[in-house]
A.B. asks: 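Below is one structure. I have some questions about it.
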Amino acid sequence: MGDGNIRYEADGKVGVVTLDRPAKLNALTMEMRLALETELQRADEDAATSVIVLCGEGRSFCVGFDVAGHAGKEAAWRSDPLKYHARLTTSLRCLMTPWTLRKPVIASVQGHALGGGCELALICDLTIAADDAVFGEPEILFSQVGPGLIMPFIVGLKRARELIYFGDKVDAKRALELGMVNRVVPREELRTATKRYANRLALIAPEALAAAKLAINRGAEGGGLRSALAAGLDVVAPLYATKTEVGREFDEIRSRAGLKAALKWRQAQFED
């Protein structure tokens with residue numbers, strides 16, 4: 001089941017939702033974000049399962065939102081702060097889906113987990129990462145800031161500031177030290193380790209899991225998590241419609257030579 005780029009299937013008591021756009025490293029189009037929300041909700045409603053695994057097909061979990069096709073036909077909403085805010089509000093709602101479900105969601109991460117992909121992995125209840133996984137929020141390098149500012153709640157303000165301000169990436173070992181992931185396993189063992197981890201969690205009574213998740217989430221929300229995410233979105237949304245000097249040059253290179261060339265140009269400026 002699924003829309004083609006998002007699949008859902010049940011494996012015993014574990015529901016598995018898969019991002020299936022490996023040729024694009026599972027970059028999320030708006031259609032995929034909406035389909036992800038739908039398939040996760042379908043997994044939550046499946047009475048045969050009590051745990052959900054979210055994984056990505058291919059060599060990467062998810063490189064974030066698809067920005068390769070945002071020029072030209074979508075220029076109208078890109079230059080309108082109110083329309084961009086509405087679009088980002090929808091995107092954040094989709095990314096937050098794991099948080100809103102009754103069942104716990106385990107992110108199984110290999111390769112890249114960047115931008116929206118990093119936020120998605122952090123929003124999941126638990127994260128098991130392959131030793132080749134790389135996490136980060138690089139949006140600021142091209143004058144944007146991810147709409148789901150969950151990182152401060154996971155790693156603390158100081159570390160979140162450093163990662164978000166510089167757009168730096170961290171490997172799986174460092175992510176474990178920062179509390180961004182729960183476990184790190186060899187890449188070749190990720191699938192079996194995730195299945196074993198999920199099956200063990202599925203031994204817990206689903207009623208107890210749902211209650212534990214709701215209690216933890218309510219505590220975090222009582223501490224301001226939801227309000228902080230909404231306030232953060234209100235602040236960063238206008239930035240997406242703002243034309244900065246760096247942003248203009250990045251877009252010009254992307255239009256002329258492609259996204260890879262634009263990213264290479266920007267990364268080269270930070271090399272020692």
A.B. asks: Kindly compute the distance separating OH (Tyr8) from CG (Leu36), expressed to the nearest 0.5 Å.
C.D. replies: 13.5 Å
A.B. asks: Would one find more than 12 heavy atoms of other residues, nucleotides or ligands at under 6.0 Å from atom CZ of Arg93?
C.D. replies: yes
A.B. asks: Run the salt-bridge test on Lys169 and Glu137 with the 4.0 Å N-O cut-off and return the result as yes or no.
C.D. replies: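 Glu137 and Lys169: not salt-bridged.
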A.B. asks: Measuring only between side-chain heavy atoms, which start at C-beta, is Arg7 closer than 4.5 Å to Val17?
C.D. replies: no
A.B. asks: For Thr38 and Leu34, indicate whether the former's side chain and the latter's backbone hold a donor-acceptor pair under 3.5 Å.
C.D. replies: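 Yes, the answer is positive, given that a donor and an acceptor are paired below the 3.5 Å cut-off.
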A.B. asks: Does atom CD of Glu245 have more than 12 heavy-atom neighbours, drawn from other residues, nucleotides or ligands, at distances under 6.0 Å?
C.D. replies: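 No.
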A.B. asks: Which atom names give the shortest non-hydrogen contact between Ile140 and Phe166, and what distance separates them?
C.D. replies: CG2-C, 4.1 Å
A.B. asks: Do Asp66 and Arg21 come within less than 4.5 Å of each other through their side chains, counting heavy atoms only?
C.D. replies: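 Heavy-atom side-chain distance check passes, below 4.5 Å.
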A.B. asks: Should Leu176 and Ile154 be regarded as members of a common hydrophobic cluster, given that ILVMFWY residues are connected when their side-chain heavy atoms come within less than 4.5 Å of each other, either directly or indirectly?
C.D. replies: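 Yes, it is one cluster - the side chains of Leu176 and Ile154 are joined through contacts under 4.5 Å.
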A.B. asks: Within this structure, what is the CG-CD1 distance for the pair Leu40 and Ile6, rounded to the nearest 0.5 Å?
C.D. replies: 8.0 Å
A.B. asks: With a 3.5 Å distance limit and no angle check, can you tell me whether Ser60 reaches the backbone of His112 through a side-chain donor-acceptor pair?
C.D. replies: yes
A.B. asks: Mind listing the closest non-hydrogen atom pair of Gly116 and Phe65 along with its distance?
C.D. replies: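 Closest pair (atom of Gly116, atom of Phe65, distance): CA-CE2, 4.3 Å.
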A.B. asks: Would you please name every residue forming a side chain to side chain donor-acceptor pair (under 3.5 Å) with Lys213, sequence neighbours left out?
C.D. replies: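 Lys213: side chain to side chain donor-acceptor pair (under 3.5 Å) contacts with Asp125.
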A.B. asks: Could you tell me whether Lys103 and Asp44 make a salt bridge, using a distance below 4.0 angstrom between a side-chain N and a carboxylate O?
C.D. replies: no
A.B. asks: Report the distance from atom CZ of Arg33 to atom CG of Leu92, rounding to the nearest 0.5 Å.
C.D. replies: 11.5 Å
A.B. asks: In this structure, would Leu28 and Val145 fall into the same cluster of hydrophobic residues linked by side-chain contacts under 4.5 Å?
C.D. replies: yes
A.B. asks: Considering non-hydrogen atoms only, spot the tightest contact between Ala43 and Ile52 and give its length.
C.D. replies: CB-CD1, 3.8 Å
A.B. asks: Locate the shortest heavy-atom distance separating Asn26 from Cys62; write the atom from each residue and the value.
C.D. replies: O-SG, 3.3 Å
A.B. asks: With a 4.5 Å heavy-atom cut-off, do Leu214 and Arg218 have their side chains touching?
C.D. replies: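 The answer is yes, as the side chains (C-beta and beyond) meet within the 4.5 Å cut-off.
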A.B. asks: Using a strict 4.0 Å threshold on nitrogen-to-oxygen distance, state whether Lys195 and Asp11 make a salt bridge.
C.D. replies: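 So Lys195 pairs with Asp11 through a salt bridge.
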A.B. asks: Taking the side chain as C-beta and beyond, is there a heavy-atom pair between Leu201 and Ile106 under 4.5 Å?
C.D. replies: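 Yes - at least one pair of side-chain heavy atoms lies under 4.5 Å apart.
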A.B. asks: In terms of hydrophobic clusters joined by side-chain contacts under 4.5 Å, are Val184 and Leu126 together?
C.D. replies: no
A.B. asks: Ring pair (Phe, Tyr, Trp, His ring centres under 6.0 Å) with Phe142: which residues, sequence neighbours excluded?
C.D. replies: Phe250
A.B. asks: Find out if a path of hydrophobic residues (ILVMFWY) with successive side-chain heavy-atom gaps under 4.5 Å connects Ile128 to Phe135.
C.D. replies: no
A.B. asks: Does Ser108 reach the side chain of Leu54, with side-chain heavy atoms less than 4.5 Å apart?
C.D. replies: no
A.B. asks: Tell me whether Asp251 is salt-bridged to Arg248, with the criterion being a basic N under 4.0 Å from an acidic carboxylate O.
C.D. replies: no
A.B. asks: Among all residues two or more places apart in sequence or in another chain, which pass the side chain to side chain donor-acceptor pair (under 3.5 Å) test with Asp132?
C.D. replies: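 Applying side chain to side chain donor-acceptor pair (under 3.5 Å) to Asp132 gives none.
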A.B. asks: Does Arg191 CZ have over 12 foreign heavy atoms under 6.0 Å away?
C.D. replies: no
A.B. asks: What's the separation between atom CG in Leu178 and atom CE in Met151, rounded to the nearest 0.5 Å?
C.D. replies: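 Leu178 CG to Met151 CE: 8.5 Å, rounded to 0.5 Å.
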A.B. asks: Just do the salt bridge (Lys or Arg N to Asp or Glu O under 4.0 Å) check on Arg159 and Glu162 with the steps written out, would you?
C.D. replies: CA-CA 5 Å; Arg159 288 166 174 165; Glu162 185 174 42; over 6 Å; no
A.B. asks: Hey, does Thr242 have a side-chain heavy atom less than 4.5 Å from the side chain of Ser143?
C.D. replies: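 Ser143 does not reach Thr242 side chain to side chain.
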A.B. asks: For the atom pair CG (Leu239) and OH (Tyr84), what is the distance rounded to the nearest 0.5 Å?
C.D. replies: 9.5 Å
A.B. asks: Is the number of heavy atoms from other residues, nucleotides or ligands within 6.0 Å of CZ (Arg183) greater than 12?
C.D. replies: no
A.B. asks: Measure the spacing between CD of Glu39 and CD of Gln41 and express it to the nearest 0.5 Å.
C.D. replies: 9.5 Å
A.B. asks: Measuring only between side-chain heavy atoms, which start at C-beta, is Leu209 closer than 4.5 Å to Arg102?
C.D. replies: no
A.B. asks: Under a 3.5 Å cutoff, is there a donor and acceptor pairing between the side chains of Asn182 and Tyr197?
C.D. replies: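 Not at all, the side chains of Asn182 and Tyr197 share no donor-acceptor pair under 3.5 Å.
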A.B. asks: Can you give me the closest heavy-atom contact between Ala27 and Met32, atom names plus distance?
C.D. replies: O-SD, 3.4 Å
A.B. asks: Should Val134 and Leu19 be regarded as members of a common hydrophobic cluster, given that ILVMFWY residues are connected when their side-chain heavy atoms come within less than 4.5 Å of each other, either directly or indirectly?
C.D. replies: no
A.B. asks: Is the shortest side-chain heavy-atom distance between Thr90 and Met30 below 4.5 Å?
C.D. replies: yes
A.B. asks: Donor-acceptor pair, distance only, cut-off 3.5 Å: does the side chain of Thr100 make one with the backbone of Thr97?
C.D. replies: yes
A.B. asks: State plainly whether the residues Arg187 and Asp131 are in salt-bridge range, i.e. N to O under 4.0 Å.
C.D. replies: no
A.B. asks: Tell me which one of Thr194, Leu190, Thr127, Leu120 satisfies side chain to side chain contact (heavy atoms under 4.5 Å, CB included) with Val109.
C.D. replies: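 Among Thr194, Leu190, Thr127, Leu120, the one that satisfies the side chain to side chain contact (heavy atoms under 4.5 Å, CB included) with Val109 is Thr127.
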A.B. asks: What closest approach, in Å, do Ile164 and Leu149 show between heavy atoms, and which atom pair accounts for it?
C.D. replies: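 Taking every non-hydrogen atom into account, CD1-CD2, 3.8 Å.
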A.B. asks: Do Glu252 and Trp265 have side-chain atoms, one donor and one acceptor, less than 3.5 Å apart?
C.D. replies: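 Side chains of Glu252 and Trp265: no pair found under 3.5 Å.
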